[in-house]
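One structure is given below, encoded as structure tokens.
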Amino acid sequence: MYQMKKYPQNQFAVSAVIGVIIMVAITVTMGAVAYAYFTGMIGEQNRATPAVSFTPSSTDKTITVTTADIDIFWKDINITITNATTYTYYTKTGIVKAGDTINLQTDPNPILRGTVTVIFRFIPTNSGLGSYTLENV
């Protein structure tokens, strides 16, 4: 007659059912975290394009910030100044606020002459904030 070998029973072991439930819970949690990450619910949020308005002055050859949302920095705004033959990038520092002025006769380096177009672009969203053309700079 064949006798079964008896093994000592471990009183501290986790049953197979509990192990499967824990593994399913871990899998579901990992799936939920991956879904949230890839749909943008967590991680870096996209910034909205700020509301900034400019007023060009053809007599003073300046462009002045009329209104600006709070907490906008000049480093986040690309300012391109072009004329018929060349272009330059102009940088300002600090926070954008109403009353800030760009003087096209003294500020950009090199100074461009003739009909000059100034283009403002918000870098984080790559959105245009405005384009202004001034004659006889």
Side-chain angles (χ1 to χ4, degrees):
M1 184 152 141
Y2 179 72
Q3 272 209 349
M4 290 184 76
K5 196 173 197 179
K6 285 197 162 202
Y7 292 102
Q9 190 172 7
N10 187 345
Q11 298 294 329
F12 302 105
V14 178
S15 75
V17 174
I18 299 296
V20 170
I21 290 173
I22 291 172
M23 292 301 290
V24 168
I26 290 171
T27 304
V28 169
T29 303
M30 289 174 54
V33 169
Y35 173 79
Y37 179 76
F38 289 117
T39 60
M41 295 172 75
I42 58 177
E44 185 177 329
Q45 300 294 320
N46 291 334
R47 293 175 59 183
T49 302
V52 181
S53 61
F54 301 92
T55 302
S57 171
S58 57
T59 56
D60 297 336
K61 309 304 182 210
T62 60
I63 296 179
T64 305
V65 176
T66 310
T67 60
D69 286 347
I70 58 171
D71 295 332
I72 304 167
F73 294 93
W74 280 110
K75 68 177 180 65
D76 291 332
I77 297 177
N78 178 321
I79 305 168
T80 307
I81 304 172
T82 64
N83 66 7
T85 59
T86 189
Y87 69 93
T88 186
Y89 295 108
Y90 179 67
T91 56
K92 287 181 73 73
T93 57
I95 296 176
V96 179
K97 56 189 176 304
D100 287 350
T101 302
I102 298 172
N103 187 330
L104 295 175
Q105 294 181 321
T106 60
D107 289 344
N109 185 14
I111 296 173
L112 302 179
R113 299 290 181 215
T115 301
V116 174
T117 301
V118 181
I119 303 166
F120 296 92
R121 182 164 297 283
F122 187 61
I123 297 168
T125 60
N126 197 28
S127 301
L129 297 175
S131 178
Y132 305 92
T133 301
L134 295 167
E135 305 282 336
N136 302 319
V137 174

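We're numbering straight along the sequence, starting at 1. Note that this is a predicted model, so its numbers are computed, not measured.
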Taking only residues two or more places apart in sequence, or in another chain, which ones meet T93 in a side-chain hydrogen bond (donor to acceptor under 3.5 Å, both in side chains)? none
For Y89, what are the other residues in its hydrophobic cluster, where any two members join if their side-chain heavy atoms are less than 4.5 angstrom apart? Y87
Selection residues 79-98 - residue pairs positive for salt bridge (Lys or Arg N to Asp or Glu O under 4.0 Å), sequence neighbours left out: K97-D100
Qualifying residues under side-chain contact (heavy atoms from CB on, under 4.5 Å), relative to V28, sequence neighbours excluded: V24
Is the backbone of N126 close enough, under 3.5 Å, to the side chain of R121 for a donor and an acceptor to pair up by distance? yes
Pick out which of T66, T101, T67, T64 makes a side-chain hydrogen bond (donor to acceptor under 3.5 Å, both in side chains) with T55. T66
With sequence neighbours left out, what residues match N103 under side-chain contact (heavy atoms from CB on, under 4.5 Å)? T62, Q105, T106, D107
List for me each residue that meets side-chain hydrogen bond (donor to acceptor under 3.5 Å, both in side chains) alongside D76, sequence neighbours excluded, and say none if there are none. R47
Results of side-chain hydrogen bond (donor to acceptor under 3.5 Å, both in side chains) for S131 - residues two or more places apart only: none
If you round to the nearest 0.5 Å, how far is CD of E135 from OG1 of T117? 8.5 Å
Partners of S57 by side-chain hydrogen bond (donor to acceptor under 3.5 Å, both in side chains), sequence neighbours excluded? T59
Going by chain and number, the hydrophobic cluster around L104 (ILVMFWY, side chain to side chain under 4.5 Å) further includes V52, F54, I63, V65, I72, W74, I77, I79, I81, Y90, V96, I102, L112, V116, V118, F120, F122, L129, Y132, L134, V137
Provide the full list of salt bridge (Lys or Arg N to Asp or Glu O under 4.0 Å) pairs with a residue in residues 59-75, sequence neighbours left out, each pair given once. none
Under a side-chain separation threshold of 4.5 Å, the hydrophobic residues clustered together with I21 are V17
Pairs flagged by salt bridge (Lys or Arg N to Asp or Glu O under 4.0 Å) wherever residues 16-35 is involved - sequence neighbours left out: none
